[in-house]
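All ligand and atom numbering here is 1-based and tracks the order in the structure. These numbers come from a predicted model, not from an experiment. Note that these values count all heavy atoms, side chains included, but never hydrogens, waters or copies made by symmetry.
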Amino acid sequence: MENNQTPKKRIFSGIQPTGNLTLGNYIGALRNFKLLENEYDCLYSIVDLHAITVRQNPAELRKACLRTMAIFLASGLDPEKNIIYFQSQAPQHAELGWILDCFTYMGELSRMTQFKDKSAKHADNINCGLFAYPTLMAADILLYMTDLVPIGADQKQHLELARDLAQRFNAIYGDVFVVPEPYIPKVGARVMSLQEPTRKMSKSDPEDTYIAILDKPEIIRKKMRRAVTDSDNMVRFDPENHAGISNLMSIMSALTGKTMDEITNEYDGRGYGVFKDAVADAVISVLEPIQKEYDRISADKAYLESVMVDGRERAQSIAYRTMLKVRKKVGLAPMKL
Ligand code: TYM
C-alpha cells in the first residue's frame, strides 16, 4: 500500500543551539515542526556550524547542542518519524555550502539584515562565516531537496536567497535542486522583545527581554508583568502604534487560537495586570508540559546519544545522494560510497 503512494513532500528546518531557546523560537518555528510531522518527511537540525559564526565556549556549545536536541524531543517531535540531528555531523552541509558560495554574489550577502545586525553586535569579529551564513543555510535546505521550510519571519530573506541559488544553479546545470517555499505562521511569526517591543525577541539579548522555553512559571509571570506596555490599559491590536500590548496579544492569540477581537472583548478595560497574568497562564500551560518532558529526556543521555547517531546516519545518506549529483554536475571527481 505504502509503495503506491506518492512520496511525502520534504521539510527541513534548523535552530541554532545558542543561549536559551525562546518563546519566539517556539511559536515561530518549533511548534510548527510537530504540526507538520505526519504530513511531511521532515528533517530538523541543530545547526551547530551556524552557531560558531559567533565565538562559543566549546564545553558550553556541546551542552547547548544536547539541550536543544532534548527540547526538540520534549516538544513532542518523534525521532522515528523525523530526522533529528546535528548539522555538523553531516559534513555535506559544509561541502555544499562551499560550492554554493561560488554561486553567490558579495552584494547579495551584504544586503542581508541578519548580517548587518550581527556585525554591529560583534564588531570585533566580523568573520567570513558570518558573511556566508545565508549560503550555508541555503545548503542545509537544498541538500535535502526540501519543499517547505517552517521559519519565523526573520528568516524570510535567507529563504529567498536559497530559492535564488536553487534557481541559479538549475539554470546552469539543469534541474538539480527543488526550489523551497517558506512556511511562516500567520500569527506569531515575529514575537517581539518584552522590553523593546519594536525589536524581535532574541536569545542573544538580555534575559529579561525574552521568555525561555525552560523558564519556570514564577519567572514567566515576573517577566510578563514587567513587559513594556502603554499606560492606558487598552487592549487593542495596533502593532505600529502600540507595539507592546500588540505583542502580548499575538502571543495570546498564537497560544490559545483566540482572535484579536475575542481577546479585546475579553480583556479590554480590565487592566494590563489582569491581561498580563492571563498571557502568563497561557504561556505556562504550553511550556510546563514541555519542561517536564525535558527533565525526563535530558536525564537519559543514552537515549539522546541514540537519537543523535540515528539522525546523523539518516541525514547523511540523503545528503550523500544529493552530493553525488552536485559533484558530477559541477565537474568534481566522484566520491565512492
Ligand atoms: P534561529 O536559531 O535564530 O531561530 C530558529 C527559528 O526560530 C524563529 N524565530 C522566531 N520566530 C518568531 N519570533 C521570534 N522572535 C523568533 N526568533 C527566532 C526563526 O525564524 C527560526 O525559524 N538561520 C536560522 C537557523 C537555520 C535554518 C536553516 C532555518 C540554519 N539553517 C535552514 C531553516 C532552514 C536561525 O538563525 O534561526
Hey, is ligand 1 close enough to [X] that some N/O pair sits below 3.5 Å?
X: Lys200; value: no
X: His158; value: no
X: Gly152; value: yes
X: Gly188; value: no
X: Thr22; value: no
X: Gly24; value: yes
X: Gly14; value: no

Backbone, side chain, both or neither: what part of [X] comes under 4.0 angstrom of ligand 1, heavy atoms only?
X: Gln87; answer: neither
X: Ser45; answer: neither
X: Val149; answer: side chain
X: Leu159; answer: neither
X: Arg190; answer: backbone
X: Lys203; answer: side chain

On a heavy-atom basis, I'd like to know which of Leu21, Asn25, Asp140 is closest to atom 18 (C) of ligand 1. Asn25
For atom 14 (C) of ligand 1, state which one of Ile141, Val191, Thr146, Ile11 supplies the nearest heavy atom. Val191
Looking only at protein heavy atoms, which one is nearest to atom 6 (C) of ligand 1, and how far off is it? Ala29 CB, 3.6 Å
Suppose we measure from atom 28 (C) of ligand 1 to each protein heavy atom; which comes out shortest, and what is that distance? Met137 CG, 3.4 Å
Output yes when [X] and [Y] qualify as a salt bridge under the 4.0 Å nitrogen-oxygen rule, no when they do not.
X: Asp41; Y: Arg10; result: yes
X: Asp78; Y: Lys34; result: no
X: Arg221; Y: Glu218; result: no
X: Glu160; Y: Lys156; result: yes
X: Asp215; Y: Lys223; result: yes
X: Glu108; Y: Arg168; result: yes
X: Asp205; Y: Lys121; result: yes

Near [X], which atoms of ligand 1 are under 4.0 Å from a heavy atom of that residue?
X: Ala189; answer: 11 (N), 12 (C), 13 (N)
X: Ser13; answer: 33 (C), 34 (C)
X: Val47; answer: 25 (C), 30 (C), 31 (N)
X: His50; answer: 30 (C), 31 (N)

With a 4.0 Å cut-off on heavy atoms, does [X] reach ligand 1?
X: Tyr133; value: yes
X: Asp154; value: yes
X: Ala162; value: no

Can you give me the closest heavy-atom contact between Pro79 and Tyr303, atom names plus distance? CG-OH, 3.3 Å
Taking all atoms of both residues into account, what is the closest heavy-atom pair of Arg31 and Ala254, and its distance? NH1-O, 2.8 Å
Of Trp98, Tyr144, Tyr320, which meets ring pair (Phe, Tyr, Trp, His ring centres under 6.0 Å) against His93? Tyr144
With a sphere of 6.0 Å drawn around CD of Glu266, does it hold more than 12 non-hydrogen atoms of other residues, nucleotides or ligands? yes
Could you label the plane-to-plane angle of the [X] and [Y] rings as parallel, tilted or perpendicular, counting under 30° as parallel and over 60° as perpendicular?
X: Phe169; Y: Phe177; answer: tilted
X: Phe115; Y: Phe131; answer: perpendicular
X: Phe33; Y: Tyr44; answer: parallel

